[in-house]
Peer 1: 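Structure incoming, see below.
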Number of protein chains: 2
Amino acid sequence: MPATIRDVARESGVHISTVSRTFSAPHLVNAETRSRVLACAEHLGYRPNRAARALITGRTHNIGLIVADIANPFFPPLIKAAESQARQRDYHIFVTDTNEDASVEEDLVRALAKQVDGVLLCSPRMSNSLIEQLSREVPLVVVNRQLTGLPTVVMDVAQGARLAIDHLNGLGHRRIALVAGPRGSWTSREIRRSAMSAARAGDADLTVIGPNQPTEDGGMAVAEQIVRAGVTAVLAYNDLMAIGLIEGLTAQGQRVPEDVSVVGIDDIALSRLTRPKLTTVATPTAAAGRAAVDMLLAHGDDRRTTAQITLQTELVIRDSTGPGPGPHSHADPGGVVATALGDVASYAKE
Amino acid sequence: MPATIRDVARESGVHISTVSRTFSAPHLVNAETRSRVLACAEHLGYRPNRAARALITGRTHNIGLIVADIANPFFPPLIKAAESQARQRDYHIFVTDTNEDASVEEDLVRALAKQVDGVLLCSPRMSNSLIEQLSREVPLVVVNRQLTGLPTVVMDVAQGARLAIDHLNGLGHRRIALVAGPRGSWTSREIRRSAMSAARAGDADLTVIGPNQPTEDGGMAVAEQIVRAGVTAVLAYNDLMAIGLIEGLTAQGQRVPEDVSVVGIDDIALSRLTRPKLTTVATPTAAAGRAAVDMLLAHGDDRRTTAQITLQTELVIRDSTGPGPGPHSHADPGGVVATALGDVASYAKE
DNA sequence: TAGTTTCGTGCAAACGTTTGCACAGCGCGA
DNA sequence: TCGCGCTGTGCAAACGTTTGCACGAAACTA
């Protein structure tokens, strides 16, 4: 029913190859012929069949995007940015959701492999070695995980965690808890490592609780442990958990920030809407989405580029953190701290 | 590089057609042959090329899903449900975002048309006639808009709005505002119509404010107008706006629910996390996602089915609504009201 | 035993494109 | 006049599948 290249060829009195060239290599065809062909195509409502084109060129002009949980507000800005970046280059994005399940991830990559030109793997939960293996089946760009030999886009959460701990320390907190993220999360490990060393440097105690589901419920569930641990401040793996945690703490009769200070990570839109407003580490998610698409498409041109991009984070101080029992350091920098790396400035600028 | 059907045929000593049948019509091939072929395929890591298959069968096994704004928490549950329903039937979902822009919608449908077997159009902003025209180019299922002649899935927001207004009325509110949604939204018109008639029936005044952007900012922006209007209760187009509105009202020195009661619509996860917790009309979004996928795929089999599904809504009373100045009616039913229609019970049960 | 059905397989023509190659026509310099 | 290069077009072979048709063998039926 839909018009094919042959219909257009017949109507405009040229060979199908000329029609083909009108679309995929216009400079090769005479201007007059070209406009005639275009007119016929327009008239017939012709649109090239991408499947057929994919068959011969080997490029589908589709990109897969795998996220752990599309309902986590961290991802939508990343997805939107990736989509619009892709659309500009005449690519489409296939979004899929793994429900935080590592084995679903593997299946999805394999399923997607044949119908996309590459996959953006965001916040993977599977093992490094599996990722490397899969990258042999389909071009992969990994987001939120550092991995040598593969193109990656990561947020500098280590820096973010350090800023957060320093901030808490500066406010006089010496007993701090870290609410970890899900098993398999590189980001969670990174935060832990960095928070540990920052706490040590500041003479503070850091209690790690986890792994946990990175959701409101996950945060709420650890409230009791937090109270029992007797800490005065908490750094949570992400904003969602921080918000759930505040909810849980309130239910336990604790006030935030008077009794316990809470810091999140991500700076999702929601973190400005809860009461108290959340102090958090902002991550440039939209920039990450754009960068990942760019890397994937660049990677398509020349083989085996494995650039690694690190995007800077910054601490945004709002109302969920307050003075602790220890001595305050008024040297706390507060507010915006970091700026973009030079060579990725265009990504980092939101 | 990746193994093709020919490689498998060579390795297992049969013709490619036999290999093809092993996958697409297993009952036609001898059990012994079949297992040998499967073994070879496994061994070579063979996976059928969907583009090639699509070329000949005309079915891509992909479904497009167009939403107004993926960052609106209303959509993710719908998307997830649609994805998992589709995956069960060996389909993939293509999610795209229109940024609430009607003209982007049209482009996207057209762009998707050739590489998917059908499109789920959620909360469209474009005109009915354009939708009908597009439905001639690609099978369409419309979600959140009633439209004769096309398969549709809608939430019974009219019922929801009625319940909400009755609830407010029962609490003694007589001057109520309706914060409308974006231009072009069927849901918004529907809410308005129903809220109007419910208000009239309850001897209440209803002031309509809008159209507005259906976001927190959109809600926050109308706070001042609300105060000026001197109403004691507000029904908002969606939870996001309700939450933004509460934020805005608080900034204006109004207390919720003591000075102003606020009701949202959608019951997004977030509405349980804000303070005060939001009274809202719950819409079965996941059920809608599943239903839409089912309708699309059914529609594919026999031509021109145009079923219309309406999913029931219910009022969830939380903390953002309280007594108004007028006489109370203790006949207010409160809590869960509606149940699923018989024939869509499996969708409505979340 | 002959005829008929069933089963399993192979053959080859599609599906709608892209693209290397060939070729015709033309203009130009020698 | 010849040879050359350039431009625009046609030709046909791919790409990796599916599927209608044909055919041989085996298994029934009469």
Side-chain angles (χ1 to χ4, degrees), chain A residues 1-38 40-41 44-62 90 110-117 137-138 300, chain B residues 1-38 40-41 44-62 90 111 113-117 137-138 300:
Chain A
M1 192 59 188
T4 80
I5 200 174
R6 240 171 287 270
D7 300 325
V8 180
R10 195 177 319 117
E11 176 131 344
S12 51
V14 298
H15 193 263
I16 58 164
S17 56
T18 302
V19 178
S20 171
R21 278 188 276 257
T22 302
F23 289 95
S24 48
H27 59 280
L28 289 180
V29 29
N30 182 289
E32 197 179 328
T33 318
R34 194 195 315 155
S35 58
R36 183 156 37 95
V37 170
L38 285 175
C40 293
L44 293 173
Y46 168 73
R47 300 196 140 239
N49 179 323
R50 298 176 87 123
R53 174 181 290 179
L55 195 53
I56 192 136
T57 62
R59 344 207 86 250
T60 61
H61 271 240
N62 292 334
D90 195 28
R110 290 233 160 80
L112 244 40
K114 279 300 183 324
Q115 48 187 339
V116 300
D117 296 340
E137 302 180 24
V138 57
Chain B
M1 194 57 190
T4 79
I5 201 175
R6 240 170 287 271
D7 301 325
V8 179
R10 195 178 318 116
E11 176 130 343
S12 51
V14 298
H15 193 260
I16 58 164
S17 56
T18 302
V19 178
S20 170
R21 279 188 275 258
T22 304
F23 289 94
S24 47
H27 60 279
L28 290 179
V29 29
N30 181 289
E32 197 178 328
T33 318
R34 193 194 317 157
S35 59
R36 183 157 36 96
V37 170
L38 285 176
C40 292
L44 293 173
Y46 167 75
R47 301 195 140 239
N49 179 324
R50 298 176 87 123
R53 174 180 291 180
L55 195 52
I56 191 133
T57 61
R59 344 206 84 249
T60 61
H61 271 240
N62 291 334
D90 194 29
K114 279 296 184 325
Q115 47 188 339
V116 301
D117 296 340
E137 303 181 24
V138 57

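For the numbers below, each heavy atom of this structure counts, side chains included, while hydrogens, waters and symmetry mates do not. Everything numeric in this text was worked out from a predicted model, so none of it was measured. Lettering follows sequence order; numbering is per chain, from 1.
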Peer 1: Along nucleotides 9-18 of chain D, 5' to 3', which nucleotides get a B, which get an S, and which get a -, given that the test is a protein heavy-atom distance under 4.0 Å?
Peer 2: BBBB-BBBBB
Peer 1: So what is the end-to-end bend of the helix from C/dT1-D/dA30 to C/dA30-D/dT1, with 5 pairs used at each end and the value given to 10 degrees?
Peer 2: 50°
Peer 1: With sequence neighbours excluded, tell me which residues meet side chain to side chain contact (heavy atoms under 4.5 Å, CB included) with A/Ile56.
Peer 2: none
Peer 1: By ring-ring contact (aromatic ring centres under 6.0 Å, His included), which residues pair with A/His61, not counting sequence neighbours?
Peer 2: A/Tyr91
Peer 1: Not counting sequence neighbours, list each pair that qualifies as a side chain to side chain donor-acceptor pair (under 3.5 Å) and has a residue in residues 44-58 of chain B.
Peer 2: none
Peer 1: Only pairs at least two apart or in different chains count here, so list each salt bridge (charged side-chain N to carboxylate O under 4.0 Å, His left out) that has a residue in residues 8-18 of chain A.
Peer 2: A/Asp7-A/Arg10
Peer 1: Could you pull out all residues at least two apart from B/Thr60 that satisfy side-chain hydrogen bond (donor to acceptor under 3.5 Å, both in side chains)?
Peer 2: B/Asp117
Peer 1: Looking at residues at least two apart in the chain, or sitting in another chain, which of them share a side chain to side chain contact (heavy atoms under 4.5 Å, CB included) with A/Ala113?
Peer 2: A/Val138
Peer 1: Of all residues at least two apart in sequence or in a different chain, which pass the side chain to side chain contact (heavy atoms under 4.5 Å, CB included) check with B/Thr33?
Peer 2: B/Val14, B/Thr18, B/Val29, B/Asn30, B/Arg36, B/Val37
